[in-house]
Amino acid sequence: MTDKTLEDWQTAAAKEVKGQDLTWPTPEGIDVKPLYTEADLDGWDPGLPGFAPFTRGVRASMYAGRPWTIRQYAGFSTAEASNAFYHRNLKAGQKGLSVAFDLATHRGYDSDHPRVTGDVGKAGVAIDTIDDMKILFDGIPLDQMSVSMTMNGAVIPILAFFIVAGEEQGVDRKLLDGTIQNDILKEFMVRNTYIYPPEPSMRIISDIFGYTSREMPKFNSISISGYHMQEAGATQLQELAFTIADGMEYVKYGVASGLDIDKFAGRLSFFFAIGMNFFMEIAKLRAARVLWHRAMTQLGAKDERSKMLRTHCQTSGVSLTEQDPYNNVMRTTIEAMAAMLGGTQSLHTNALDEAIALPTDFSARIARNTQIVIQEETGMTKVVDPLGGSYYIESLTKELVDKAWEIIERVQSEGGMAKAVAAGWPKAMIEEAAAAKAARIDRVEEVIVGVNKFKLAQEDPIDILDVDNVAVRESQIARIKKVKAGRDEAACVAALDALREGAKGDANLLELAVECARKRATLGEISLAMEDVFGRYGTKPTPVKGIYGGAYDGDARWDSLIDGVGAIGRRMGRKPKMFVAKMGQDGHDRGANLVSSAFGDLGFDIVAGPLFQTPKEAAAMAIQENVDVVGASSLAAGHKTLIPELIGHLREAGRSDIKVIAGGVIPAQDYQILRDAGVQGIFGPGTNLVDAAGEVLKLLGHNMPPEAEAAE
């Protein structure tokens, strides 16, 4: 294209849109133009698929030779129920298993622990003993099935149970195939299902690298995850940069522990979220491969396999909506296509109902079939990297590589990702991005169909899966008792003592935990043996300030809300005080942090509670802080147990005047249960925070002026 031709196009386009600027500034700081040409590539050469730096894919033939692996991330209630679900899915075309564990398991607690009454069997399967793990894979030959396990905190006992379950199936651990997530740095940044402090947590990762490289040559010892960063609000650029930087940190720790980089680096894998910014997501996966090749070359890897980024992807959970949920089928399809066009090695597609609950068999089948249809009916797999050479895709890829490398260089200059996480700035960046995105959605600057635009006048109910938490917990406790009654107690205690002593020294913790599993130690006992030495880590959220409110600068309705908060403050003689509580073992704090940020910007005095409180602890803190409102955030289905218990403790203490509101992933069918328990306001997924603030002001006795009401 000549300069003259380009000028002609610019003139024609300007006339068509009457001078409107068609450039789109993305959250990543990339100004996307309406037209891309060869001039935008600036010498960028993506190379060929299967050749360094693997921009166009890690295999020369990619899906033309073999399509990506269809995985479904699943686990709920008991091991028996999950096992039956796996068998149905495998029969229907699924090719690999991805196991979701409940939050009690993630946090290293057995199901009989008093801190997990509302968490057992919710958001994943409860695994307390080796017997649970054996039941989970009953009838599934572990020498023939690739198994991915999303586990980070209790990674030592879970991997030990998996190894022993294989042994007791007659499968040598050298034949075990799959991946353990084992990515603790992102837990300290966003997901928060950690157990131990950072330093011993990093030692655990090195021990797993060492054991698997010796004993499990087919097994991937880590899945370095950006997924949860994007789910927490990170831009695609932040997800990309911090994930690669995390990977570099793990490699450094492996080398420092005495491992040859080329002996273990080829078994590292990655895990990315795929959201609705279609072309950006495609470019992100391509950029990730370039960056990892560059990073591993810099770290001293010689083998090209060590420099090859292989990744699993999952369609976005946060893009799913409770409102008009059948739109989620289209969202997931679009995201699945982006993952495929970006070159993923395996994929999980979310179900339409996962914004509000675990998927039903019906919705899971649609999600799985989305991948099967793409593979079997569209012809998309016939050409390797079909978007390679697109001016737009190649330009985006180059921009992401350059911008992400700048962030990675900052991380390295400050001593690596572990130190950056300890300093807190990556987490702060992500929370600022999350607050800015929430404000864009609430202001309808970013459209979510069915939520802030094209809304239904009336929502039709859909069938959702409801897990009986009480029944699951009772069945798990019964199995724990049975296992303990049938084991050689002295041998079990000796194995746990050896693990405890090993934690004090430099023994391989996974090797010692495997022996504990053989002796029928429980997950909680194995975790506690290490906790006795390492301690249990805890943090308190620090909400960002000024980002959400800054987006509303000069907005009449926002100013009216600020006036309302001020009026309540004058009446009370102090600012209205809200305690944002996170009860149970759910560490996802994006919603809680957004509420704290928005209400804080309005002028509320915010008490951001620590993670993982019991209802009794939350009630005591609310009373001690003399708050007016408790906002209970629930994202993992524990609301029917935890929130009524909180209200009961407040009433027993004579503080039923403290108003309790609930927000998060709460199905509409549970609203009446919560109202009957005394909840005075319920704010489900997709709630506009400005609307929520208006409702809370009404609860506190402030009537909004007519013009503000009209704006609602």
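When reading the values below, keep in mind they use all heavy atoms of this one structure, side chains included, and skip hydrogens, waters and symmetry mates. All figures in this text were calculated on a predicted structure; none of them were measured in a lab.
- Between the side chain of R214 and the backbone N or O of G210, at least one donor-acceptor pair lies under 3.5 Å.
- In this structure, the ring of Y36 has its center no less than 6.0 angstrom from the ring center of Y391.
- Using a 4.0 Å cut-off between charged side-chain N and carboxylate O, E239 and K284 make a salt bridge.
- Taking the side chain as every heavy atom from C-beta outward, P198 and V421 never approach each other to under 4.5 Å.
- For D402, the side chain to side chain donor-acceptor pair (under 3.5 Å) partners at least two apart in sequence or on another chain are K398.
- Judged by distance alone, with hydrogens and angles left aside, the side-chain atoms of N152 form a donor-acceptor pair with the main-chain N or O of D183 at under 3.5 Å.
- For the atom pair NZ of K218 and CG of L176, the computed distance is 8.5 Å after rounding to the nearest 0.5 Å.
- Not counting sequence neighbours, the partners of K33 by the side chain to side chain donor-acceptor pair (under 3.5 Å) test are D40.
- Without hydrogens or angle criteria, Q181 side chain to M151 main chain gives no donor-acceptor distance under 3.5 Å.
- Between S346 and the options Q371, Q314, H312, a side-chain hydrogen bond (donor to acceptor under 3.5 Å, both in side chains) holds for only H312.
- F137 is linked by a ring pair (Phe, Tyr, Trp, His ring centres under 6.0 Å) to F162, counting only residues two or more places apart in sequence or in another chain.
- Here the side chain of R310 pairs no donor or acceptor atom with the backbone of F270 at under 3.5 angstrom.
- Between the T344 side chain and the T311 main chain, a donor and an acceptor come within less than 3.5 Å of each other.
- For the residue pair S319 and E335, a side-chain donor N or O sits within less than 3.5 Å of a side-chain acceptor on the partner.
- Counting only residues at least two apart or in different chains, side-chain hydrogen bond (donor to acceptor under 3.5 Å, both in side chains) contacts with residues 45-65 comprise R56-D385.
- Annotation: the span from L97 atom CG to N89 atom CG amounts to 8.5 Å, rounded to 0.5 Å.
- In this structure a side-chain-to-backbone donor-acceptor pair under 3.5 Å is missing from D246 to L185.
- You'll find the side chain of W292 reaches within 4.5 Å of the side chain of M248, heavy atoms only.
- Counting only N and O atoms by type, the side chains of T69 and Q345 include no donor and acceptor under 3.5 Å apart.
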Checking V190 against E231 for the side-chain contact (heavy atoms from CB on, under 4.5 Å) test, could you report, in this order, the C-alpha distance in whole Å, the side-chain angles of both residues, the deciding distance, and whether it holds? CA-CA 9 Å; V190 290; E231 293 291 279; over 6 Å; no

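- In this structure, NE2 on H348 lies 4.0 Å from CG on N350, to the nearest 0.5 angstrom.
- Pairs of residues two or more places apart, or lying in two chains, never qualify as salt bridge (charged side-chain N to carboxylate O under 4.0 Å, His left out) while including a residue from residues 249-258.
- Applying the 6.0 Å contact sphere to NZ of K302 captures no more than 12 heavy atoms from other residues, nucleotides or ligands.
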Test ring pair (Phe, Tyr, Trp, His ring centres under 6.0 Å) on Y194 and Y537 and set out the steps. CA-CA 7 Å; Y194 42 69; Y537 187 72; 5.2 Å; yes

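- In this structure, R289 has no salt bridge (charged side-chain N to carboxylate O under 4.0 Å, His left out) partners at least two apart in sequence or on a different chain.
- No donor-acceptor pair under 3.5 Å is formed between the side chain of S363 and the backbone N or O of P359.
- Under the 4.5 Å side-chain criterion, counting only non-hydrogen atoms from C-beta, I366 is not in contact with T349.
- For the pairing with V32, the side chain to side chain contact (heavy atoms under 4.5 Å, CB included) check across T23, N277, L22, T26 returns one residue only, T26.
- The shortest side-chain heavy-atom distance between F219 and R173 does not fall under the 4.5 Å cut-off.
- Counting heavy-atom neighbours within 6.0 Å of D31 CG, excluding the residue itself, gives a total above 12.
- A donor-acceptor contact shorter than 3.5 Å links the side chain of N182 to the backbone of S221.
- S257 contributes no side-chain N or O that, together with a main-chain N or O of S206, makes up a donor-acceptor pair within less than 3.5 Å.
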Using side-chain contact (heavy atoms from CB on, under 4.5 Å), reason through V99 and V125 one step at a time and then give a plain yes or no. CA-CA 8 Å; V99 183; V125 60; 4.1 Å; yes

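- Remark: side-chain polar atoms of D143 are not paired, donor with acceptor, to backbone N or O of V171 under 3.5 angstrom.
- A search for ring pair (Phe, Tyr, Trp, His ring centres under 6.0 Å) contacts involving F54 returns H293, not counting sequence neighbours.
- Separation of atoms CZ (F101) and OG1 (T193) is listed at 11.5 Å; rounding is to 0.5 Å.
- Residues satisfying the side chain to side chain donor-acceptor pair (under 3.5 Å) test with N220, not counting sequence neighbours, are T179, R267.
- When side chains are defined from C-beta on, I204 counts as touching I156, because their heavy atoms get closer than 4.5 Å.
- Salt bridge present: K307 and E304 bring a charged side-chain N and a carboxylate O closer than 4.0 Å.
- A salt bridge does not link R440 with E445: every distance from a Lys NZ or Arg NE/NH1/NH2 to an Asp or Glu carboxylate oxygen is 4.0 Å or more.
- Here the straight-line distance linking atom CG of L291 with atom CG of L309 works out to 9.0 Å at 0.5 Å rounding.
- Residues satisfying the ring pair (Phe, Tyr, Trp, His ring centres under 6.0 Å) test with F51, not counting sequence neighbours, are none.
- At a cut-off of 3.5 Å, with distance as the only test, no side-chain donor of Q238 or K403 sits close to an acceptor on the other residue.
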side-chain contact (heavy atoms from CB on, under 4.5 Å), that's the test. Do H87 and I140 meet it? Break it down for me. CA-CA 8 Å; H87 277 284; I140 299 172; 3.7 Å; yes

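- Partners of W44 under the ring pair (Phe, Tyr, Trp, His ring centres under 6.0 Å) rule, at least two apart in sequence or in another chain, do not exist in this structure.
- With a 4.5 Å cut-off on side-chain heavy atoms, L320 and V318 do not count as touching.
- I127 is listed as a side-chain neighbour of I158, based on a closest heavy-atom distance under 4.5 Å.
- Contacts of D589 classified as salt bridge (charged side-chain N to carboxylate O under 4.0 Å, His left out), with partners at least two apart in sequence or in another chain: K427.
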CA sep, side-chain torsions, deciding dist, call: V411, W425, side-chain contact (heavy atoms from CB on, under 4.5 Å): CA-CA 10 Å; V411 171; W425 63 266; 3.7 Å; yes

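- At least one side-chain heavy atom of I30 sits under 4.5 Å from a side-chain heavy atom of L396.
- We find the CG-CD1 distance between L400 and I282 to be 12.0 Å, quoted to the nearest 0.5 Å.
- In terms of the side chain to side chain donor-acceptor pair (under 3.5 Å) criterion, residue partners of T397 (sequence neighbours excluded) are, by chain and number, R286.
- When only modelled atom types and interatomic distance are considered, N328 and R331 share a side-chain donor-acceptor pair under 3.5 Å.
- Note: F272 and Y227 fail the aromatic proximity criterion, with ring centroids not under 6.0 Å apart.
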